[in-house]
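Heads up, the thing below is written out as structure tokens.
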Amino acid sequence: NAGVTQTPKFRVLKTGQSMTLLCAQDMNHEYMYWYRQDPGMGLRLIHYSVGEGTTAKGEVPDGYNVSRLKKQNFLLGLESAAPSQTSVYFCASRHTGDLYNEQFFGPGTRLTVL
Amino acid sequence: GENVEQHPSTLSVQEGDSAVIKCTYSDSASNYFPWYKQELGKGPQLIIDIRSNVGEKKDQRIAVTLNKTAKHFSLHITETQPEDSAVYFCAASPPSLGGKLIFGQGTELSVKP
């Protein structure tokens, strides 16, 4: 199993450009999440999904959109990138229910917006 | 909503010493408290977790304690080794559909040989 994979690993954008980050998991997890990690601020939840075709806002959703057209994929879009979106982005997934709470994280995407 | 505070932000110990990282949370309804370890250039990985109906949990050299009354939980690492050097995050999970986690700010632990 590859677990959780993220594409791309690195990206540099100019202000106003758009891009999509792809997250894929092969563990048949229902729940998927997008976080951003900034120095001194921990991991902050951007958007999440509780199943195929569903999405919901997290703590810091502004400036981002997401889609979950297939169970194994969760896409994070930036329509008009801003320097404040320079960050490391992590995707995670987990099983439903209370027995298996562990979130499995991908390796991250380092995004720089100039 | 839930807010998690984590201290200290950096911690340096000698190999073999113990390390303690502390977190407080604000939502008394939160019922699940995991700790994640993040090595340089990698995603966070779960190392131990505790539920609100348990006061303490141990796994070899690591342990977590929970004080629900004070809304406080801590990570204890004994006999630290250089490979314990990493950033550690605590988190709290308030009751919600989707199992959301609210993370603390992180602690950079350095274990000196």
Side-chain angles (χ1 to χ4, degrees), chain A residues 2-6 9-10 21 23-25 27 29-52 54-61 66 68 74 88-110, chain B residues 1-10 21-27 29-54 57 59 64 75 86-108:
Chain A
V4 179
T5 58
Q6 294 183 232
K9 289 184 169 50
F10 304 93
L21 284 68
C23 176
Q25 52 93 5
M27 297 174 282
H29 287 168
E30 288 291 338
Y31 295 170
M32 295 187 75
Y33 313 86
W34 275 108
Y35 294 91
R36 61 177 288 173
Q37 183 176 24
D38 302 292
M41 302 186 76
L43 292 133
R44 292 181 292 168
L45 183 64
I46 305 171
H47 286 282
Y48 65 102
S49 169
V50 299
E52 183 178 319
T54 75
T55 62
K57 294 180 180 179
E59 300 172 83
V60 288
V66 288
R68 182 98 182 268
F74 195 27
V88 182
Y89 292 86
F90 287 99
C91 175
S93 70
R94 59 156 276 193
H95 283 294
T96 58
D98 289 336
L99 288 180
Y100 305 102
N101 292 98
E102 180 177 358
Q103 289 190 16
F104 294 84
F105 283 81
T109 294
R110 184 173 293 275
Chain B
E2 176 64 280
N3 182 54
V4 178
E5 296 289 332
Q6 182 173 347
H7 299 281
S9 57
T10 61
I21 303 170
K22 299 182 179 182
C23 289
T24 59
Y25 61 100
S26 61
D27 188 345
S30 287
N31 55 17
Y32 172 68
F33 306 91
W35 286 88
Y36 283 80
K37 176 183 181 182
Q38 185 179 28
E39 297 178 343
L40 196 61
K42 297 184 178 180
Q45 187 168 13
L46 180 73
I47 56 171
I48 195 167
D49 56 11
I50 192 167
R51 294 181 178 276
S52 57
N53 58 349
V54 176
K57 183 177 178 181
D59 183 2
V64 57
L75 177 71
V87 179
Y88 291 81
F89 292 98
C90 64
S93 182
S96 66
L97 178 64
K100 292 184 294 182
L101 293 178
I102 306 300
F103 284 86
Q105 296 84 353
T107 296
E108 184 174 2

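Residue numbers begin at 1 in each chain, while the letters A, B, ... track the order of the sequences. No experiment lies behind these values; they were computed from the predicted model shown. Side chains included, hydrogens not; waters and symmetry mates left out as well; all remaining heavy atoms used.
The environment of CD in Gln45(B) is sparse: at most 12 heavy-atom neighbours from other residues, nucleotides or ligands sit within 6.0 Å.
The candidate with the highest count of non-hydrogen atom pairs below 4.5 Å against chain A, out of Gly106(B), Gly99(B), Gly41(B), is Gly99(B). Here Pro44(B) is the residue among Ala91(B), Gly104(B), Pro44(B), Ser93(B) with the most heavy-atom pairs under 4.5 Å with chain A. The greatest number of non-hydrogen atom pairs below 4.5 Å with chain B, out of Gln6(A), Glu30(A), Gln37(A), is found for Gln37(A).
Between the NZ atom in Lys100(B) and the OH atom in Tyr33(A) there is a gap of 10.0 Å [rounded to 0.5 Å]. Distance check, rounded to the nearest 0.5 Å: CG of Leu101(B) to CZ of Arg94(A) gives 8.0 Å.
Tyr35(A) touches chain B through its side chain: at least one heavy atom from C-beta onward sits under 4.5 Å away, while N, CA, C and O do not. Only the side chain of Gln38(B) comes within contact range of chain A, judged by heavy atoms closer than 4.5 Å. Contact annotation for Gln103(A): both backbone and side-chain heavy atoms come within less than 4.5 Å of a heavy atom of chain B.
Evaluation of the side chain to side chain contact (heavy atoms under 4.5 Å, CB included) rule for Glu59(A) yields Arg44(A), Leu45(A), Ile102(B) as partners, not counting sequence neighbours. Every side chain to side chain contact (heavy atoms under 4.5 Å, CB included) that Thr5(A) has, sequence neighbours left out, goes to Ala2(A), Ala24(A).
At a threshold of 4.5 Å between non-hydrogen side-chain atoms, the residues Leu43(A) and Tyr36(B) do not count as touching.
Nearest heavy atom pair, residue Tyr32(B) against residue Glu102(A), reads OH-N, 4.2 Å.
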